[in-house]
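First the proteins, then the strands, lettered A, B, ... as listed; each starts at 1.
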Amino acid sequence: MKGSSPPSSSRYQFLEIRHIDSPPHRVIKYPAMSVKYEHKEIEPKWQHYWEDHSTFKVTEDRAKPKYYCLEMFPYPSGRIHMGHVRNYAIGDVIARYKTMRGYNVLHPMGWDSFGLPAENAAIDKGVHPAVWTYENIAYMREQLKKMGFSYDWDREVTTCDPAYYKWNQWFFLKMYERGLAYKRRSSVNWCGSCETVLANEQVIDERCWRCNFTVEQKELDQWFFKITDYAEGLLSWCDRLSGWPERVLTMQRNWIGKSQGVEVDFPLADSDNSIRIFTTRPDTIFGATFMSLAPEHPLVEDLIKGTETGTEARNFIERIRHQDRIIRTAVDVEKEGIFTGRYAINPLTKDKMPVWVANFVLMEYGTGAIMAVPTHDQRDFEFAKKYNLPMKVVIQNAEGTVSVDTMTTAYIEEGRLVNSGQFSDLNSKEAIDKIAEYIEKEGLGKRTVNYRIRDWGVSRQRYWGTPIPVIYCERCDTLPVPENDIPVLLPRDVAFTGKGGSPLLQSKEFVETKCHNCGGIARRETDTMDTFVDSSWYFLRYTSPKTDSSPFEKGSVSYWMNVDQYIGGIEHAVLHLLYARFFTKVLRDLGLIQVDEPFRNLLTQGMVIKDGAKMSKSKGNVVDPDYIIEPYGADTARLFALFAAPPERDLDWSDRGVEGAYRFLSRIYRKVAELSTNIKDRTDLEVDRELPADLRYLRKSVHQTIRKVTDDIDVFHFNTAISFIMELVNAIYLIPVEGRTGDRLFLSVMKEALENVVLLLSPFAPHISEEMWGMLGHGPSVLKLQWPSYNEEIAHEEERLIVIQINGKVRGKIKIPAGIPEEEIRRRALSDERINGLIGDKVPSKVFVVQEKLVNIVV
RNA sequence: GCGAGAGUGGCGGAACUGGCAUACGCACUGGACUUAGGAUCCAGCGGGCAACCAUGGGGGUUCAACUCCCCCCUCUCGCACCA
């Protein structure tokens, strides 16, 4: 959804012209005998027809089964790119196909329209973000319409519209009430030149992506959503999302990162304090020989106070704390640390253990402190080697070869416990349970579960986003804005300099406010929300986009949800898809919706590649869709995007391939044009009669093709579905026309064939299909027709081709009638003249017969 | 390092639960039509004179392997000191 591509300056003129083009009702005309496929006339004609007749409008209709088909909405960066074309072409095939299968299909589109690029455009070009954004939307909407996608534009959702972001604020207030939105100090990437927070992906080599200023870590008050409360639910539901790609689920599971372990208190040797650690390997506790604390650990200051190494330690800690988090946590960073001068007691061995501070221990995970077991943990091993710390083997392998003297890496596998008191001789698995049990019984600690996922930081020091609805009163402290006072609107007249932090800070009109509680002076929160908040519930808004008394109508949501098919790029595998799941669960708990999960089925399409470079996102758009649509048309662009590769795989863009798609459409068109005058006005055509061989064969192909195309669309194999249509068209071309244009049987079969080709093609190339449907003597629209069904009897192949192998090598082929017994197939294969010649005097030792397929003779 | 996915003609890609490898398209070659063709229609098109050999490489299971099993190589993506 995100992306940034500044619009070219020349397009504004274009934009104006587009806008004047408002649609009066048009008369649909068909060419009399034109044989040339004129996509430039055909495509606008049908786009206007669809618009004039509200062909894509959809309402709740309980007489039909519903189907919610959704593609990830775009960020309005300026123009659509090939990634969008592909994504939306896939969605459109599904939407149109399901419509023709009798479903009531919701297929909406909107704009993920808050975000940084708009603000950067304001800084660079002096255009207001709102102006820039809405101009982009206008242009891109026209581009999407030119592609012929079947969206119900009456449901368009724009997230930067106050009517939309009001509900972001409303959800925030609801979450604040429940403690799911909270504020705390947290470390952020800060650019001192731009005076703003940077997202991790905006930090390049420790520098600001825009001004190249060195990025530092800064502690700031930040708003968070408590996604960690939902960690377990988000994780356990992964097992029930059977319609999601396994790799997306794996990524989400990893991101949530659940681990079960034990928290244990290690008392300090000379104080009443203790250090709490988290470990997943309590079986190694007898091997813990020292402790490591995160530099940020609150106990550190106390520990180093007054010790010999105090100053040195303080310097070290300061240095580490200021390191970039990303760099500090990289695996190849050398482990370093410093001794605090103090000792703790291992509660099981009662041994004295030196307490260290180490750069690789993270305050954010677990308790920010670990027991170090150098023999059975690689990190502790490296650390101990470097600083010459004591080691002790407590897990032994089956051969008994694990020894401090010989080991070059830690032994991290499971094994048999040694040197572990009463627990010696247990295996690791048992010991983990037994020792955890013992620790709980002795009151030394307790079993806990840790998650790697962190709460979702939603504060952004930016203008172009949803204002966080909070005020700070001098007397009453932090107060949420009352529900009646939202939306908190973005002020329009602010300066965009790129300096001095968020532009909102400079807006007195915005910042200065009155406390609704005490009437005193108060100041508004100037942070805005992460734009992922917008995309976390837009799919709900589509069900009732105009409602202004609630975020969505309960009835509409319960009619349409879940999304039956969601389609988008793999790059959102974790963030967007996880946040949307989180929001869904929160809204469920707020009683606003009934579903547990937003997206029943997920299709992640591959990237569009051109000459090895990806064409979406920041790398630049190598091929602009407009340059395809201009010479070839939208139908060609769609067809190629779907034909060149299966949806999940990366697609290599090829100009030659595009030409091929265009040629194919022209080829069908020509055949329809050639025969349409003979077909369209005939009322006496009917196919169910005794047919000559070539027509009977074609008819069989038609029905077989319907079956194959249908089966393939059902499993999203669009590339092969299209190739079957191509084969059928090739077969049509092989039927001689000469002298038959008055032949009733010929015309009847051709009519059936061409009509079915048009219907099968219509989800892929809708404009030309509408056109050809008209040429064949029918009124619009194809979309309102039923998907063709095939006749089992006609599709049935009465002859089967049997491959005859000798010793696994193909030696011959025979045709046999379908349904004859295995014994007869064997007999015919063995009596085949050619086969007999090849066998000669040799005696077949065994003959394998695969029913109606193959015979393998072993000699 | 760990996890997932992929590797098939000159190219994009087909091949269902093991049963004709290379469907369909592109490129290329030839023919037809034509003043002309970069349009269109038709045909050919993995390698090899052949026996045969070819689905990243090497083993295995099987009457039969792109498909199943083991080892290795390459590429893509994700995670990456998470205790």
Side-chain angles (χ1 to χ4, degrees), chain A residues 35-36 245-255 257-259 261 277-281 284 288 292 294 328-335 358-362 364-373 376-380 382-383 450-454 570-571 573-574 606-607 609 639-640 643-646 648-661 663-664 666-667 670 708 711-712 715 717 719-727 729-730 733-734 801-813 844-859:
Chain A
V35 284
K36 189 162 186 319
E246 198 51 46
R247 72 177 176 137
V248 174
L249 294 174
T250 304
M251 282 161 77
Q252 294 218 347
R253 288 190 188 105
N254 289 344
W255 186 268
K258 179 179 183 173
S259 61
I277 61 98
F278 173 76
T279 181
T280 54
R281 292 290 303 269
T284 65
S292 296
R328 189 176 133 197
T329 54
V331 73
D332 49 356
V333 166
E334 165 120 29
K335 287 169 188 43
N359 65 340
F360 67 90
V361 181
L362 306 173
E364 303 91 290
Y365 187 78
T367 60
I370 57 169
M371 64 174 197
V373 186
H376 306 297
D377 181 289
Q378 185 57 25
R379 295 151 301 178
D380 296 339
E382 287 168 33
F383 197 81
N450 252 295
Y451 297 93
R452 194 187 295 200
I453 190 171
R454 308 278 143 73
I570 187 76
E571 64 271 23
V574 176
M607 281 185 306
I609 307 282
L639 194 73
F640 176 73
F643 176 66
E648 328 71 60
R649 227 191 279 186
D650 284 352
L651 180 147
D652 224 326
W653 194 266
S654 140
D655 294 341
R656 299 276 197 193
V658 174
E659 270 176 60
R663 243 192 323 257
F664 168 64
S666 303
R667 192 168 148 86
R670 264 195 307 277
K708 291 192 281 191
D711 289 351
D712 273 6
V715 290
H717 290 177
N719 54 332
T720 48
I722 292 166
S723 79
F724 291 135
I725 304 176
M726 287 173 168
E727 279 180 278
V729 171
N730 290 345
Y733 262 84
L734 289 178
L801 188 69
I802 303 291
V803 171
I804 306 173
Q805 297 180 329
I806 300 175
N807 291 338
K809 294 209 159 55
V810 180
R811 290 295 182 235
K813 292 168 191 186
S845 61
K846 202 151 194 196
V847 180
F848 292 86
V849 180
V850 179
Q851 197 53 258
E852 315 220 300
K853 265 187 189 160
L854 174 139
V855 177
N856 189 13
I857 304 160
V858 184
V859 295

Exercise for the section: Round to the nearest Å and state the distance from A:E364 atom CD to B:rA83 atom C1'. Expected result: 13 Å

Fill in the blank from the handout: Taking B:rC20, B:rG19, B:rA14 as options, the one with an atom nearest any side-chain atom of A:V810 is B:rC20

Exercise for the section: Write down the distance separating the C1' atoms in B:rC66 and B:rC16, rounded off to the nearest Å. Expected result: 14 Å

Problem - Sugar-phosphate, base or nothing in reach of A:R656, heavy atoms under 4.0 Å - result: sugar-phosphate

Handout entry: Atom-to-atom span, CD of A:E571 to P of B:rU76 - whole angstrom
Key = 18 Å

Practice task
Begin from the C-alpha positions of A:F360 and A:D380 and carry the test side chain to side chain contact (heavy atoms under 4.5 Å, CB included) through to its verdict.
Solution key: CA-CA 10 Å; A:F360 67 90; A:D380 296 339; 3.8 Å; yes

With 3.5 Å as the limit, what N/O pairs link the protein to nucleotides 61-65 of chain B?
| residue | atom | partner | partner atom | Å |
| --- | --- | --- | --- | --- |
| B:rC63 | O2' | A:N856 | ND2 | 3.2 |
| B:rC63 | O2 | A:N856 | ND2 | 2.6 |

Practice task
Using a heavy-atom cut-off of under 4.0 Å over every strand shown, decide if A:R379 touches base, sugar-phosphate, or nothing.
Solution key: base

Practice task
Select from A:G660 and A:T279 the residue whose nearest nucleotide in RNA chain B is closer to the 5' end of that strand.
Solution key: A:G660

Practice task
Pick base, sugar-phosphate or nothing for A:I570, based on heavy-atom distances below 4.0 Å to the nucleic acid.
Solution key: nothing

Exercise for the section: Have a look at A:S259 and say if it touches a base, only the backbone sugar-phosphate, or nothing, with a 4.0 Å heavy-atom cut-off. Expected result: sugar-phosphate

Problem - Interatomic distance where CD1 belongs to A:I806 and P belongs to B:rC20 [whole Å] - result: 17 Å

Fill in the blank from the handout: Nearest-nucleotide check on RNA chain B, A:A644 vs A:R667; residue mapping nearer the 5' end is A:A644

Handout entry: Euclidean distance, atom CZ of residue A:F360 to atom C1' of B:rC82 [Å, nearest integer]
Key = 12 Å

Problem - Nucleotide B:rC26, atom P - distance to CG of A:L651 in whole Å - result: 16 Å

Practice task
Taking the side chain as every heavy atom from C-beta outward, state whether A:E246 and A:L249 have any atom pair closer than 4.5 Å.
Solution key: yes

Handout entry: Over 12 non-hydrogen atoms of neighbours within 6.0 angstrom of CZ in A:R667
Key = yes

Practice task
Could you tell me whether A:Y733 contacts a base, only the sugar-phosphate backbone, or nothing, with contacts defined as non-hydrogen atoms closer than 4.0 Å?
Solution key: sugar-phosphate

Every protein N/O lying under 3.5 Å from an N/O of nucleotides 43-52 of chain B:
| residue | atom | partner | partner atom | Å |
| --- | --- | --- | --- | --- |
| B:rC52 | OP1 | A:R811 | NH2 | 3.3 |

Practice task
Remember a base hit wins even if backbone is also touched, and classify A:N730 as base, sugar-phosphate or nothing at under 4.0 Å, heavy atoms.
Solution key: sugar-phosphate

